[in-house]
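Here's the structure we're looking at; comments come further down.
In what follows, every heavy atom counts, from backbone to side chain, and hydrogens, waters and symmetry copies are set aside. Both ligands and their constituent atoms are indexed starting at 1 by order of listing. Keep in mind the model is a prediction, meaning the values are calculated, not measured.
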Amino acid sequence: MPLRDTPGHYGTVSRILHWGMAALFAAQFLSAAAHWALPKENAVRDVLWSYHGTLGATLFLLVLLRGAWGLANIPRRPPAHDGVVGRAAVAGHLAIYALMVIVPAVRLLAAAGSDRGLSYLGITFVAPREVEVAWMQAPAEWHGEMGWILALLVVGHIAMAVVWHRMIRRDDTLQRMAG
Ligand code: HEM
Ligand code: HEM
């Protein structure tokens with residue numbers, strides 16, 4: 001299996017990033033779902049919530065890496081499918097990429113402008129502020145909503161890969177990433 005993508009298959013690096021991040025996103029959505037659904041004084045909710053910020057920041061760094069790798073591999077990537085469905089798939093992937101960047105970015109921006117500051121793995125990048133910066137907080141108002149839209153897109157993405165491509169069309173789309 002080549003490290004880089006080829007027109008027939010995604011390469012090892014793209015696959016590790018895709019499937020590794022899929023597993024991490026599952027954990028991230030689980031923490032968000034528990035935060036939304038379980039009562040405030042709940043041990044399971046607390047445990048799942050304890051990693052939400054750190055894992056979210058990790059996913060932010062990983063998606064930048066993955067985006068850069070994807071761009072560097074564009075000339076050799078598996079081609080998009082023809083027609084309207086192919087264009088919709090490209091638009092869907094771009095929307096997922098955009099939200100994978102924006103959703104954590106708005107929360108990290110809010111942290112950097114808050115009285116808690118921005119730290120990651122014990123390293124302080126922005127010290128806590130005396131006064132919160134209002135414009136840095138504003139976009140984070142939509143963090144949860146955009147996170148749920150991302151979750152819906154991912155559900156649609158999985159359904160397209162497994163139900164449409166694998167079970168109905170029986171084409172090689174799933175194998176390009178998994179086979
Ligand atoms: C790709 C990464 C992320 C995803 C998919 C995500 C998803 C979500 C979702 C769906 C919610 C709503 C939960 C609810 O309805 O109760 C939420 C809330 C929250 N998230 Fe994230 N999150 C991510 C990254 C981050 C990061 C990096 C931070 C902090 C630095 C963070 C901090 C918070 C906080 C404080 C809340 C509760 C307040 C609010 O809804 O804005 N998240 N997240
Ligand atoms: C069981 C879960 C999943 C399955 C079966 C799956 C399947 C696939 C397949 C087959 C492709 C290749 C599509 C093609 O060649 O046109 C793909 C690409 C892609 N997937 Fe998934 N996927 C899953 C989870 C996820 C998750 C959780 C995310 C993001 C949060 C995601 C984001 C993407 C993106 C952005 C692409 C475009 C190619 C790339 O840049 O890597 N997938 N997926």
Side-chain angles (χ1 to χ4, degrees), residues 5 7-11 13-38 40 45 48-74 77-81 85-86 88-114 116-120 125-126 137 139-166 171-179:
D5 297 344
H9 285 94
Y10 288 90
V13 175
S14 295
R15 285 167 189 236
I16 290 175
L17 286 168
H18 178 268
W19 295 114
M21 285 177 68
L24 295 178
F25 265 105
Q28 187 71 347
F29 289 131
L30 186 68
S31 80
H35 186 258
W36 171 73
L38 295 176
K40 277 216 166 88
R45 184 182 191 261
L48 292 174
W49 193 247
S50 64
Y51 63 72
H52 186 88
T54 308
L55 180 55
T58 305
L59 281 165
F60 178 69
L61 296 175
L62 286 174
V63 74
L64 297 184
L65 194 69
R66 174 170 171 188
W69 181 257
L71 286 176
N73 278 271
I74 277 184
R77 283 217 135 180
H81 294 279
V85 178
V90 172
H93 290 165
L94 287 178
I96 292 177
Y97 263 116
L99 285 174
M100 286 196 291
V101 173
I102 295 169
V103 169
V106 293
R107 262 277 149 224
L108 295 171
L109 180 73
S114 78
R116 285 186 300 161
L118 177 63
S119 50
Y120 177 63
F125 290 95
V126 182
Q137 309 301 319
E141 295 275 323
W142 299 95
H143 172 79
E145 285 79 358
M146 291 191 295
W148 291 127
I149 293 172
L150 174 59
L152 279 180
L153 286 178
V154 168
V155 170
H157 170 71
I158 296 170
M160 285 305 286
V162 176
V163 180
W164 173 253
H165 285 291
R166 184 84 192 113
D171 63 24
D172 66 347
T173 305
L174 186 57
Q175 279 94 318
R176 302 203 294 202
M177 187 60 93

Evaluate the side chain to side chain contact (heavy atoms under 4.5 Å, CB included) criterion for residues Phe25 and Met100: first the C-alpha distance (whole Å), next the side-chain angles of each, then the deciding distance (0.1 Å), finally the verdict. CA-CA 10 Å; Phe25 265 105; Met100 286 196 291; 3.5 Å; yes

Measure the spacing between CD1 of Ile149 and CD1 of Ile96 and express it to the nearest 0.5 Å. 12.5 Å

When rounded to the nearest 0.5 angstrom, what distance separates CE in Met21 from CG in Leu59? 5.5 Å

Any idea which protein heavy atom is nearest atom 11 (C) of ligand 1, and the distance to it? Gly144 CA, 3.7 Å

Should you measure from each heavy atom of Met177, which atoms of ligand 2 turn up under 4.0 Å away? 9 (C), 10 (C), 11 (C), 17 (C), 18 (C), 41 (O)

Indicate yes or no for a side-chain donor-acceptor contact from His143 to the backbone of Val103 under 3.5 Å, with no hydrogens or angles considered. yes

Phe60 contact mode with ligand 1 (heavy-atom cut-off under 4.0 Å): neither

Spatial distance of atom CG (Leu55) from atom CG (Leu24) [nearest 0.5 Å]: 5.5 Å

Minimum non-hydrogen distance to atom 38 (C) of ligand 1, winning option of His143, Arg45, Arg107: Arg107

Going by distance only, is there an N or O of Tyr97 that falls short of 3.5 Å from an N or O of ligand 2? yes

Is it the case that the side chain of Trp19 and the backbone of Met177 share a donor-acceptor pair, with hydrogens and angles ignored and the cut-off at 3.5 Å? yes

Can you tell which part of His35 has a heavy atom less than 4.0 Å from ligand 1: side chain, backbone, both or neither? both

Within reach of ligand 1, part of Ala32 (heavy-atom separation under 4.0 Å): both

His18-ligand 2 polar pair, N/O distance under 3.5 Å: yes

Between Val154 and ligand 2, find which residue part has any heavy-atom pair under 4.0 Å and reply side chain, backbone, both or neither. side chain

Short version for Pro78: what comes under 4.0 Å of ligand 2, heavy atoms counted, is neither

Which of Arg166, His81, Met160 passes side-chain contact (heavy atoms from CB on, under 4.5 Å) with Thr173? It is His81

More than 12 heavy atoms of other groups within 6.0 Å of Glu145 CD: yes

Taking Trp69 as the fixed residue, which of Leu71, Leu65, Asn73 is the one that meets the side-chain contact (heavy atoms from CB on, under 4.5 Å) rule? Asn73

Assess Ala57 for proximity to ligand 1: is some non-hydrogen atom of it under 4.0 Å away? yes

Over 60° means perpendicular and under 30° means parallel, so classify the ring planes of Trp36 and Trp148, tilted if in between. perpendicular

Within reach of ligand 2, part of Trp19 (heavy-atom separation under 4.0 Å): side chain

Restricting His52 to its N/O/S atoms, the closest one to atom 21 (Fe) of ligand 1 is NE2

With a 4.5 Å cut-off on side-chain heavy atoms, are Ile102 and Trp142 touching? no

Return yes when Trp49 approaches ligand 1 closer than 4.0 angstrom through a heavy atom, no otherwise. yes

Tell me, which protein residue and heavy-atom name are nearest atom 15 (O) of ligand 1, and how many Å apart are they? Trp148 NE1, 3.4 Å

Gap separating the CZ atom of Arg107 from the CG atom of Leu118, nearest 0.5 angstrom: 12.0 Å

What residue and atom, counting heavy atoms only, is the protein's closest point to atom 12 (C) of ligand 2, and at what distance? Tyr10 CE1, 3.7 Å

Which ligand 1 atoms are under 4.0 Å away from a heavy-atom of Phe29? 5 (C)

Numbering as shown, the atoms of ligand 2 that approach Phe25 to under 4.0 Å (heavy-atom distance): 30 (C)

About how many Å separate CG of Asp5 and CZ of Arg77, when rounded to the nearest 0.5 Å? 4.5 Å

Which one holds for Leu150 and ligand 2: side chain close, backbone close, both close, or neither close, with close meaning a heavy atom under 4.0 Å? neither

Run the numbers for me: atoms of ligand 1, each under 4.0 Å from some heavy atom of Gly53, listed by number. 27 (C), 28 (C), 29 (C)

Heavy-atom count around Arg15 CZ within 6.0 Å, excluding the residue itself: above 12? yes

Need the atom name: nearest N/O/S atom of His157 to atom 21 (Fe) of ligand 2. NE2

Mark up the atoms of ligand 2 that fall under 4.0 Å of a heavy atom belonging to Arg176, in ascending order. 14 (C), 15 (O), 16 (O)

Answer with side chain, backbone, both or neither: which part of Arg166 has a heavy atom less than 4.0 angstrom from an atom of ligand 2? neither

If we number the atoms of ligand 2 from 1 as shown, the ones under 4.0 Å from a heavy atom of Ala161 are 7 (C)

Which of the ligand 2 atoms, numbered from 1, are nearer than 4.0 Å to a heavy atom of Ala22: 24 (C), 27 (C)

Could you tell me whether some N/O pair between Arg77 and ligand 2 is separated by less than 3.5 angstrom? yes

Tell me the protein heavy atom at minimum distance from atom 24 (C) of ligand 1, and give that distance in Å. Gln28 NE2, 3.4 Å

Relative to atom 33 (C) of ligand 2, which among Met100, Arg66, Arg15 owns the nearest non-hydrogen atom? Arg66

Donor-acceptor contact present, side-chain Arg66 to main-chain His18, <3.5 Å: no

Which atoms of ligand 1 have any heavy atom of Leu108 under 4.0 Å away? 27 (C), 30 (C)

Would the distance check show the side chain of Ser31 and the main-chain N or O of Gln28 forming a donor-acceptor pair, the cut-off being under 3.5 Å? yes

Are the side chain of Arg176 and the backbone N or O of Tyr10 linked by a donor-acceptor pair below 3.5 Å? no

